[in-house]
Visitor: 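Sharing a structure, written as structure tokens. Questions coming.
Residues: numbered from 1 along the sequence shown.
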Amino acid sequence: MANYDVIIVGAGPAGIFTALEMLRKGSKKKVLIVEKGVSVEKRACPKAKTKVCMNCKPYCHITTGFSGAGAFSDGKLSLSCEVGGNLPELIGEELAQATIDYTDKIYLEFGADPHVEGIYTGEDIKEIRKNAIHAGLKLVDCPIRHLGTEKAQQLYLAIQNYLADN
């Protein structure tokens, strides 16, 4: 039986990025990622053929496996620390945004589309922004990187292969 220095339980975002960071920081530790689902390229939902959920046992083949449901989601990444939770309050806005930017660069390295949505200029947005202020709201510009369902699978497969190779 092989010996490992680190065992990562689950190949969701936390497990994947933990392994990536260990590699990027030059760790020489032997790492094992334990995931109850199958690899990205082997995951398929029988509903595509049967047209009805088969309640797969012992686990769903879409929500369980390398990258979890993310490999089969539309894959929209919010690139602003102003949306999505309290992290900026906990670690500071500057570090939160730097972490988002760092993570986004990793997605780009593995094939994410460089195009970003959600940055608008022009008269239409000025009017919407003015109406929001009058209503007591803050309109937040939030750049979004859209992976797309098919692209997300390719991207996570590239990360999976990179981790397996290293």
Visitor: Tell me if the CD atom of E93 is crowded by more than 12 foreign heavy atoms within 6.0 Å.
Guide: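 Counting neighbours around CD of E93, 12 or fewer heavy atoms of other residues, nucleotides or ligands fall under 6.0 Å, so no.
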Visitor: Test E35 against S67 for side chain to side chain contact (heavy atoms under 4.5 Å, CB included), laying out the working first.
Guide: CA-CA 10 Å; E35 170 58 54; S67 80; over 6 Å; no
Visitor: For the atom pair SG (C56) and NE2 (H61), what is the distance rounded to the nearest 0.5 Å?
Guide: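 Answer for the SG-NE2 pair, C56 versus H61, is 4.0 Å.
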Visitor: Do V38 and I33 share a hydrophobic cluster, counting only Ile, Leu, Val, Met, Phe, Trp and Tyr and linking them when any side-chain heavy atoms are less than 4.5 Å apart?
Guide: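 Cluster IDs for V38 and I33 differ.
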Visitor: May I ask you to decide if the ring planes of Y156 and Y107 are parallel, tilted or perpendicular, using 30° and 60° as cut-offs?
Guide: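 Answer is perpendicular, since the angle exceeds 60°.
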Visitor: Are D141 and R129 close enough for a salt bridge, meaning some N to O gap below 4.0 Å?
Guide: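 Salt bridge: yes.
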Visitor: Before giving the answer on side chain to side chain contact (heavy atoms under 4.5 Å, CB included), spell out for E117 and K76 the whole-Å C-alpha distance, their side-chain angles and the decisive distance to 0.1 Å.
Guide: CA-CA 10 Å; E117 299 283 348; K76 290 188 175 76; over 6 Å; no
Visitor: Determine whether Y102 and L95 fall in the same hydrophobic cluster, where Ile, Leu, Val, Met, Phe, Trp and Tyr are linked whenever their side-chain heavy atoms lie under 4.5 Å apart.
Guide: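 Per the 4.5 Å side-chain linkage, Y102 and L95 are not co-clustered.
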Visitor: Just so I know, are the side chains of I106 and E21 near enough to count as touching, which here means a heavy-atom distance under 4.5 Å?
Guide: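 Yes - at least one pair of side-chain heavy atoms lies under 4.5 Å apart.
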Visitor: Nearest 0.5 angstrom please: S39 OG to Q160 CD, how far?
Guide: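 That separation rounds to 5.0 Å.
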Visitor: Measure the CD1-CD1 distance between I8 and I16 for me, rounded to the nearest 0.5 Å.
Guide: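 Those atoms lie 10.0 Å apart.
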Visitor: Do V31 and D5 have side chains that approach each other closer than 4.5 Å (heavy atoms only, starting at C-beta)?
Guide: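 V31 does not reach D5 side chain to side chain.
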Visitor: NZ of K30: more than 12 outside heavy atoms within 6.0 angstrom?
Guide: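 Enclosed: over 12 neighbouring heavy atoms sit under 6.0 Å from NZ of K30.
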Visitor: Hydrophobic clustering (ILVMFWY, side-chain heavy atoms < 4.5 Å, transitive) - are L108 and I159 grouped together?
Guide: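 Each belongs to a different hydrophobic cluster.
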Visitor: Go through L147 and D113 one step at a time and tell me if the side chain to side chain contact (heavy atoms under 4.5 Å, CB included) criterion holds.
Guide: CA-CA 7 Å; L147 301 178; D113 185 342; over 6 Å; no
Visitor: What verdict does the ring-ring contact (aromatic ring centres under 6.0 Å, His included) test give for Y162 and F110, after you've listed the backbone C-alpha separation in whole Å, the side-chain angles of each residue and the deciding distance to 0.1 Å?
Guide: CA-CA 9 Å; Y162 174 81; F110 284 97; 5.4 Å; yes
Visitor: Which residues satisfy the salt bridge (Lys or Arg N to Asp or Glu O under 4.0 Å) test with E123, sequence neighbours excluded?
Guide: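 For E123, the residues satisfying salt bridge (Lys or Arg N to Asp or Glu O under 4.0 Å) (neighbours in sequence not counted) are K126.
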Visitor: Heavy-atom distance under 4.5 Å between the side chains of I128 and L139, does that happen here?
Guide: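 Counting from C-beta outward, I128 and L139 do come under 4.5 Å.
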Visitor: Can you tell me if CG on N166 sees more than 12 non-hydrogen neighbours from other groups inside 6.0 Å?
Guide: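 Counting other residues, nucleotides and ligands, CG of N166 exceeds 12 neighbours.
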Visitor: Under a single-linkage definition using a 4.5 Å side-chain heavy-atom cutoff for Ile, Leu, Val, Met, Phe, Trp and Tyr, are V6 and L23 assigned to the same hydrophobic cluster?
Guide: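 Same hydrophobic cluster.
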Visitor: With sequence neighbours left out, what residues match Y4 under ring-ring contact (aromatic ring centres under 6.0 Å, His included)?
Guide: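 ring-ring contact (aromatic ring centres under 6.0 Å, His included) check on Y4 returns nothing, list empty.
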Visitor: Please check: side-chain N/O of K151 versus main-chain N/O of G111, any donor-acceptor pairing under 3.5 Å?
Guide: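 Checking the backbone N and O of G111 against the side chain of K151, a donor-acceptor pair under 3.5 Å is found.
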Visitor: In Å and rounded to the nearest 0.5 Å, what is the CD to CG distance from Q153 to L157?
Guide: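 Those atoms lie 9.0 Å apart.
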Visitor: For a 4.5 angstrom cut-off between non-hydrogen side-chain atoms, does M54 reach K47?
Guide: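 M54 vs K47: side chains apart.
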Visitor: State, with a plain yes or no, whether a side-chain heavy atom of C142 is found less than 4.5 Å away from one of E82.
Guide: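 No. Closest side-chain heavy atoms not under 4.5 Å.
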Visitor: Are V52 and I62 co-members of a hydrophobic cluster defined by side-chain heavy atoms under 4.5 Å apart?
Guide: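 The answer is no; the residues belong to distinct hydrophobic clusters.
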Visitor: Under a 4.0 Å N-O cut-off, is there an ion pair linking D104 with R145?
Guide: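 Yes, charged N to carboxylate O under 4.0 Å.
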Visitor: Determine, step by step, whether I144 and L77 satisfy the side chain to side chain contact (heavy atoms under 4.5 Å, CB included) criterion, reporting the C-alpha distance in whole Å, the side-chain angles of both residues, the deciding distance to 0.1 Å, and the verdict.
Guide: CA-CA 5 Å; I144 303 284; L77 307 174; over 6 Å; no
Visitor: With Q154, which residues qualify under side-chain hydrogen bond (donor to acceptor under 3.5 Å, both in side chains), at least two apart?
Guide: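 Q154 satisfies side-chain hydrogen bond (donor to acceptor under 3.5 Å, both in side chains) with no residue once adjacent residues are dropped.
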